[in-house]
Asker: 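Can you read through this structure? Questions will come right after.
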Amino acid sequence: MSMFSLPIARQLENELDLKLVSFSKLCTSYSSSSNRDQRTRDSRSDSVGPSQDNMLVAMTTELEQLLASLTAVNDKMAEYTNTPGASSHNAALMHTLQRHRDILQDYTHEFHKTKNNFFSWREREDLLGSVHRDIESYKSGSGVNNRRTELFLKEHEHLRNSDSLIDSAISIAMATKENITFQRGMLKSIQTRVTTLANRFPAINSLIQKINLRKRRDSLILGGVIGVCTILLLLYTFH
């Protein structure tokens, strides 16, 4: 593996991890700001909205660039594994390269999932907002302020709030599932590396087995001594 590619790959992975967390938080805060009353939503579209939109566009572009850079680094590492000088360490190099590819795949999947969920939510929000504005426009134009219209608007708000709570719960559940899946993958990778090391170095595996046998023997000896002492103590007590 190239001495220069590995530190760059790790640096890009760390930066991507931090940026993805910030991107997810920004999408969540953007979504939360839409759950206020109609006056707040109207003011958000004039002031807060453009600022958050610019931040989202900038962060999306930055994440896409980081993913592209990490992909290029992985490609360079793959080219290095195919060079004649790396053939003697090919197994270890391929294992390390596969681990970085898995990390890149996880980050890419997480980025696209967060982005797609957010844009799907915003399309639905824009549709609901358009319906709400049409209702308000009709209400203002006709000058009718009857009880049925008020009840309809209140029910509409209740449905919006319920939908937002459900979306929030689903997002939390999906994020938890993704984190558990990512941790399981990391643990599996560590287990694979330990197994590989044990297979490559039989002496270490043999030493571990001898240590386990010695611990088991010491446990049996200690148990026997305790048993004998207990029997002698009982005989002395009841003598």
Side-chain angles (χ1 to χ4, degrees), residues 1-29 55-120 170-213 215:
M1 191 69 59
S2 176
M3 296 179 59
F4 300 102
S5 298
L6 274 175
I8 296 174
R10 295 193 184 100
Q11 180 181 357
L12 290 172
E13 288 167 358
N14 293 334
E15 190 172 356
L16 272 168
D17 185 60
L18 295 175
K19 294 293 183 182
L20 284 171
V21 172
S22 300
F23 182 64
S24 179
K25 289 181 179 179
L26 181 60
C27 291
T28 302
S29 65
M55 292 177 62
L56 282 168
V57 171
M59 189 165 291
T60 300
T61 302
E62 186 175 4
L63 282 168
E64 290 175 347
Q65 292 175 351
L66 287 173
L67 289 171
S69 299
L70 185 57
T71 302
V73 172
N74 282 345
D75 292 340
K76 289 182 180 179
M77 291 190 294
E79 292 177 359
Y80 179 78
T81 57
N82 296 325
T83 58
S87 58
S88 58
H89 305 285
N90 191 55
L93 293 175
M94 292 302 297
H95 177 73
T96 304
L97 176 60
Q98 184 60 41
R99 182 170 64 85
H100 285 289
R101 283 177 174 172
D102 292 340
I103 293 174
L104 173 61
Q105 184 178 3
D106 291 337
Y107 285 155
T108 303
H109 174 71
E110 183 178 354
F111 168 67
H112 288 297
K113 180 181 71 68
T114 303
K115 185 177 72 171
N116 292 336
N117 288 342
F118 172 75
F119 282 110
S120 297
I170 293 174
S171 298
I172 293 173
M174 292 298 296
T176 303
K177 179 182 177 183
E178 290 294 329
N179 289 330
I180 292 174
T181 302
F182 179 74
Q183 292 176 6
R184 183 177 64 183
M186 294 295 293
L187 291 174
K188 185 176 180 181
S189 176
I190 293 173
Q191 182 181 5
T192 303
R193 293 178 64 187
V194 172
T195 304
T196 302
L197 288 175
N199 293 331
R200 291 182 60 192
F201 301 99
I204 295 177
N205 193 15
S206 177
L207 179 61
I208 292 174
Q209 292 179 355
K210 289 180 180 179
I211 292 173
N212 291 331
L213 291 175
K215 288 175 62 179

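When reading the values below, keep in mind they use all heavy atoms of this one structure, side chains included, and skip hydrogens, waters and symmetry mates.
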Asker: Could you point out which residue of Leu67, Asn14, Leu66 forms a side-chain contact (heavy atoms from CB on, under 4.5 Å) with Lys19?
Answerer: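 For Lys19, the side-chain contact (heavy atoms from CB on, under 4.5 Å) check succeeds only for Leu66.
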Asker: Nearest 0.5 Å please: distance from the NZ atom of Lys115 over to the CG atom of Leu56.
Answerer: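 Between Lys115 NZ and Leu56 CG, I get 11.5 Å after rounding to 0.5 Å.
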Asker: So, do Arg184 and Thr181 sit near enough that their side-chain heavy atoms are less than 4.5 Å apart?
Answerer: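 Contact flag for Arg184/Thr181 side chains = yes.
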Asker: Output yes when a side-chain donor or acceptor of Ser24 lies under 3.5 Å from a complementary backbone atom of Leu20, and no otherwise.
Answerer: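 Pair absent, no side-chain N/O of Ser24 close to backbone of Leu20.
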Asker: Are the side chains of Ile103 and Arg99 in contact, using a 4.5 Å heavy-atom criterion?
Answerer: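 Yes, side chains in contact.
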Asker: Working to the nearest 0.5 Å, report the span between CD of Glu110 and CD of Glu178.
Answerer: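 Atom-to-atom, Glu110:CD and Glu178:CD are 7.0 Å apart.
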Asker: Using 0.5 Å steps for rounding, measure from the CG atom of Asp75 to the CG atom of Leu97.
Answerer: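 Here the rounded value is 9.0 Å.
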Asker: Quick check on side-chain contact (heavy atoms from CB on, under 4.5 Å): which of Val73, Leu104, Leu70 does Glu13 satisfy it with?
Answerer: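 Testing each of Val73, Leu104, Leu70 against Glu13, the sole residue satisfying side-chain contact (heavy atoms from CB on, under 4.5 Å) is Leu70.
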Asker: Working note: Asn179 + Gln183, criterion side chain to side chain donor-acceptor pair (under 3.5 Å); need CA distance, chi angles, decisive distance, verdict.
Answerer: CA-CA 6 Å; Asn179 289 330; Gln183 292 176 6; over 6 Å; no
Asker: Could you please spell out the steps behind the side-chain contact (heavy atoms from CB on, under 4.5 Å) verdict for Glu62 and Glu15?
Answerer: CA-CA 11 Å; Glu62 186 175 4; Glu15 190 172 356; 4.3 Å; yes
Asker: Does a sphere of radius 6.0 Å around CD in Glu64 hold more than 12 heavy atoms from other residues, nucleotides or ligands, not counting ones at 6.0 Å or beyond?
Answerer: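 Yes.
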Asker: Is there a side-chain contact between Thr28 and Phe118 (heavy atoms, below 4.5 Å)?
Answerer: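 Contact flag for Thr28/Phe118 side chains = no.
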Asker: Minimum heavy-atom separation for Met59 and Ser22, please, with both atom names.
Answerer: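 Closest approach of Met59 to Ser22: SD-C, 3.8 Å.
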Asker: Measure the spacing between CG of Leu16 and CZ of Phe111 and express it to the nearest 0.5 Å.
Answerer: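 Leu16 atom CG to Phe111 atom CZ measures 9.5 Å (nearest 0.5 Å).
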Asker: Quick one: CG on Asp17 to CZ on Phe182, what's the gap to the nearest 0.5 Å?
Answerer: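 Spacing of CG (Asp17) from CZ (Phe182) equals 6.5 Å.
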Asker: Roughly how far apart are Leu187 CG and Ile180 CD1, rounded to 0.5 Å?
Answerer: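 Between Leu187 CG and Ile180 CD1, I get 11.5 Å after rounding to 0.5 Å.
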Asker: With the side chain counted from C-beta on, respond yes when Cys27 and Thr114 share a heavy-atom pair under 4.5 Å apart, and no when they do not.
Answerer: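 In short, these two side chains touch, coming nearer than 4.5 Å.
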Asker: Mark yes when over 12 heavy atoms from residues, nucleotides or ligands other than Gln11 sit less than 6.0 Å from its CD; otherwise mark no.
Answerer: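 Incorrect, the count does not exceed 12.
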Asker: Within the side chain of Ser189, is there an N or O that forms a donor-acceptor pair under 3.5 Å with the backbone of Gly185?
Answerer: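 Flag not set: sc Ser189 to bb Gly185 has no pair under 3.5 Å.
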Asker: If only atom types and distance count, is the side chain of Asn117 paired as donor or acceptor with the main-chain N or O of Lys113 below 3.5 Å?
Answerer: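 Pair found, side chain donor or acceptor close to backbone of Lys113.
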